[in-house]
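Note that the coordinates shown come from a computational prediction; the quantities given were computed from them, not determined experimentally.
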Amino acid sequence: MTNSELRYAHHPNDVKKYTTEELRDHFLIPELFLENTIKLVYSMYDRLIVGGVYPKTKPLKLEPTEDLKSNYFLERRELGIINVGGKGKVTVDGIIYELNNKEALYIGKGNKEIIFDKSENEQPYFYINSAPAHVTFPTKKVTKKEAEIVELGETKYANKRTINKLLVNSVLETCQLQMGMTELHEGSVWNTMPAHTHERRMEAYFYFDLEEDQTISHYMGQPNETRHIFMQNHQAILSPEWSIHSGVGTSNYTFIWGMAGENMDYGDMDTVKTNELK
């Protein structure tokens, strides 16, 4: 079963007038993992698709939605997958890839049959991002050991974190999709500080590993007029090109960042000094 929806892009001047409910309706993705369902959100921000796959009792096949107007899902797209649950498997045109917790898989344009399933009676939760693609690159699994690792932040500022660059152009070839995972150390709660924007690509965040009954306040908006949205475990949020994307939790957590756009340079960002945010 596939559950899909469409999200339009928004002008920053309009967003300034949104109520809390309107902000949540347009940018927050509150439920990604529905039993035996592939949940997809098609965003007009660089046409990124954000999704969750929850094969509870049966395998799930990735089918094209009406929005794609394609014969199969990856006819004109590439796909990134990160498993945030127990061991699972993804079958790509008959080839099986086992994914443990926090392992990633890149699937290139042109692969026709993608099937998600459980493995060894464990329960996987597959978080996915997909972007338009014009070149076919090889399917490749990437573990945390194969990722590019960057240590950032300081305990003093409650933002000590490990960045795992999993599906990025310094690790493997992609058309425009980039995905990675940032793990906050115990006692650290702030992510992406100093905050930044990057006009050349959009971003989506997915939060997980958050303790039960805890919350994250995600910050968005232009640097001189920010907004916040409170989020829970296993929720995602869309971040326009003009918006910052930062957050603070009531405990430490992990989040996956996914990007699409015209620039593949990870360091291409416009940083905002922390004391200049409004």
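Looking at every heavy atom in both residues, Ser119 comes nearest to Glu98 through OG-OE1, 2.8 Å. Closest approach of Arg76 to Ser70, counting heavy atoms only: NH2-CB, 3.7 Å. Of all heavy-atom pairs spanning Gly80 and Leu177, the tightest one is N-CD2, 3.4 Å. In plain terms, the two heavy atoms of Cys175 and Tyr106 that are nearest each other are N-OH, 4.2 Å. Of all the heavy atoms in Asp117 and Pro59, the pair that sits closest is OD2-CG, 3.5 Å. Glu113 and Lys61 make their closest contact through OE2-NZ, 3.7 Å (heavy atoms, listed as atom of the first residue, atom of the second, distance).
Hydrophobic clustering (ILVMFWY, side-chain heavy atoms < 4.5 Å, transitive): Leu105 and Leu62 are in one cluster. Under a hydrophobic clustering in which Ile, Leu, Val, Met, Phe, Trp and Tyr are joined whenever their side-chain heavy atoms come within less than 4.5 Å, directly or via other members, Tyr45 and Leu28 fall into the same cluster. With hydrophobic clusters built from ILVMFWY side chains whose heavy atoms lie under 4.5 angstrom apart, Leu32 shares a cluster with Phe27. When the side chains of ILVMFWY residues are joined at heavy-atom separations under 4.5 Å, either directly or via intervening members, Met179 and Tyr253 end up in a single hydrophobic cluster. Residues Tyr219 and Leu210 do not share a hydrophobic cluster, defined by chaining ILVMFWY side chains whose heavy atoms lie under 4.5 Å apart.
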Would you mind writing out the side-chain donor-acceptor pairs for residues 127-136 within the sub-3.5 Å range, not counting sequence neighbours?
unit_1: Tyr127; atom_1: OH; unit_2: Asn129; atom_2: ND2; d: 3.2
unit_1: Ser130; atom_1: OG; unit_2: Arg77; atom_2: NH1; d: 3.2
unit_1: Ser130; atom_1: OG; unit_2: Glu78; atom_2: O; d: 2.8
unit_1: Thr136; atom_1: OG1; unit_2: Lys109; atom_2: O; d: 3.0

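The side-chain heavy atoms of Ser188 and Asn252, taken from C-beta on, include no pair separated by under 4.5 Å. Residues Tyr42 and Arg47 are in side-chain contact: their nearest non-hydrogen atoms beyond the backbone lie under 4.5 Å apart. In this structure, Glu75 and Pro64 have side chains that are not in contact, with every pair of non-hydrogen atoms separated by 4.5 Å or more. Between Met220 and Leu23 there is a side-chain heavy-atom pair separated by less than 4.5 Å. Counting only heavy atoms from C-beta outward, the side chains of Met181 and Lys144 approach each other to under 4.5 Å. No side-chain heavy atom of Val15 sits under 4.5 Å from any side-chain heavy atom of His26. Under the 4.5 Å side-chain criterion, counting only non-hydrogen atoms from C-beta, Glu225 is not in contact with Lys278. Contact of the Tyr97 side chain with the Ile107 side chain is not registered, since no non-hydrogen atoms from C-beta on lie closer than 4.5 Å.
The closest donor-acceptor contact from the side chain of Glu146 to the backbone of Thr143 lies under 3.5 Å. Looking at Lys273, its side chain never comes within 3.5 Å of a backbone N or O of Pro194 through a donor-acceptor pair. Side-chain N or O atoms of Ser243 include none that pairs as donor or acceptor with a backbone N or O of Glu241 at under 3.5 Å. Remark: the backbone N or O of Ile244 is not paired with any side-chain donor or acceptor of Thr197 at under 3.5 angstrom. With hydrogens and angles disregarded, no donor-acceptor distance shorter than 3.5 Å links the side chain of Asn233 to the backbone of Glu212. For the pair Asp93 (side chain) and Lys112 (backbone), a donor-acceptor distance under 3.5 Å is present. Listed for the Arg24 side chain is a donor-acceptor partner under 3.5 Å among the backbone atoms of Phe230. Although no hydrogens or angles enter the test, the distance criterion places a donor-acceptor pair under 3.5 Å between the side chain of Asn83 and the main chain of Tyr125.
A 6.0 Å sphere centred on CD of Glu21 holds no more than 12 heavy atoms belonging to other residues, nucleotides or ligands. Atom CD of Glu66 has 12 or fewer heavy atoms from other residues, nucleotides or ligands within 6.0 Å. Counting non-hydrogen atoms of neighbouring residues, nucleotides and ligands closer than 6.0 angstrom, the CG atom of Asp14 exceeds 12 such neighbours. Remark: Glu148 CD is packed, more than 12 non-hydrogen atoms of other residues, nucleotides or ligands lying under 6.0 Å away. Counted within 6.0 Å of NZ on Lys16, heavy atoms from surrounding residues, nucleotides or ligands total more than 12; the atom is thus considered enclosed.
Look at Asp270 and Arg200 and you find a salt bridge, because one of the NZ, NE, NH1 or NH2 atoms lies within 4.0 Å of a carboxylate O, short of that distance. By the 4.0 Å N-to-carboxylate-O rule, Glu5 lies close enough to Arg7 to be salt-bridged with it. Ion pairing between a basic and an acidic side chain is recognised when a charged N comes within 4.0 Å of a carboxylate O; Glu103 and Lys141 show such pairing.
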Problem set entry | Working for side chain to side chain contact (heavy atoms under 4.5 Å, CB included), residues Tyr205 and His218 | CA-CA 9 Å; Tyr205 271 20; His218 180 89; 3.5 Å; yes

For this session: In sequence, state the C-alpha distance, the side-chain angles, and the governing distance for His10 and Tyr8, and then conclude on ring pair (Phe, Tyr, Trp, His ring centres under 6.0 Å).
Result: CA-CA 7 Å; His10 303 80; Tyr8 289 97; 8.1 Å; no

Exercise. Given the rule in the side-chain hydrogen bond (donor to acceptor under 3.5 Å, both in side chains) test, do Thr162 and Glu183 qualify, once you have shown the distances and angles that lead to the verdict?
Worked result: CA-CA 5 Å; Thr162 300; Glu183 299 171 295; 5.2 Å; no

Exercise. After noting the C-alpha distance and the side-chain angles of Ile95 and Thr139, does the key distance pass the side chain to side chain contact (heavy atoms under 4.5 Å, CB included) rule?
Worked result: CA-CA 10 Å; Ile95 300 174; Thr139 298; over 6 Å; no

Exercise. Step by step, would you call Leu172 with Leu167 a side chain to side chain contact (heavy atoms under 4.5 Å, CB included)?
Worked result: CA-CA 7 Å; Leu172 79 169; Leu167 307 181; 4.1 Å; yes

For this session: Give the C-alpha distance, both sets of side-chain angles, the deciding distance and a yes or no for side chain to side chain contact (heavy atoms under 4.5 Å, CB included) between Phe206 and Ile82.
Result: CA-CA 11 Å; Phe206 168 74; Ile82 299 178; over 6 Å; no

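Annotation: the span from Phe208 atom CZ to Asn101 atom CG amounts to 6.5 Å, rounded to 0.5 Å. In this structure, CD1 in Ile216 is found 8.0 Å from CG in Leu184, a value given to the nearest 0.5 Å. For the atom pair Gln178 CD and Gln176 CD, the distance stands at 9.5 Å (nearest 0.5 Å). Rounded to the nearest 0.5 angstrom, Trp190 CH2 and Ser246 OG are separated by 6.0 Å. A distance of 6.0 Å separates NZ in Lys89 from OG1 in Thr91, rounded to the nearest 0.5 Å. Here the OG1-CG distance, from Thr254 to Asn164, works out to 9.0 Å after rounding to the nearest 0.5 Å.
The aromatic rings of Phe255 and Tyr207 sit tilted, their planes meeting at an angle between 30° and 60°. Relative ring orientation between Phe33 and Tyr54 is described as perpendicular, the plane-to-plane angle rising above 60° on a 0-90° scale split at 30° and 60°.
With hydrogens and angles left out, the side-chain atoms of Lys39 and Asn3 include a donor and acceptor closer than 3.5 Å.
Considering only residues two or more places apart in sequence or on other chains, Lys87 meets the side chain to side chain donor-acceptor pair (under 3.5 Å) condition with Glu120.
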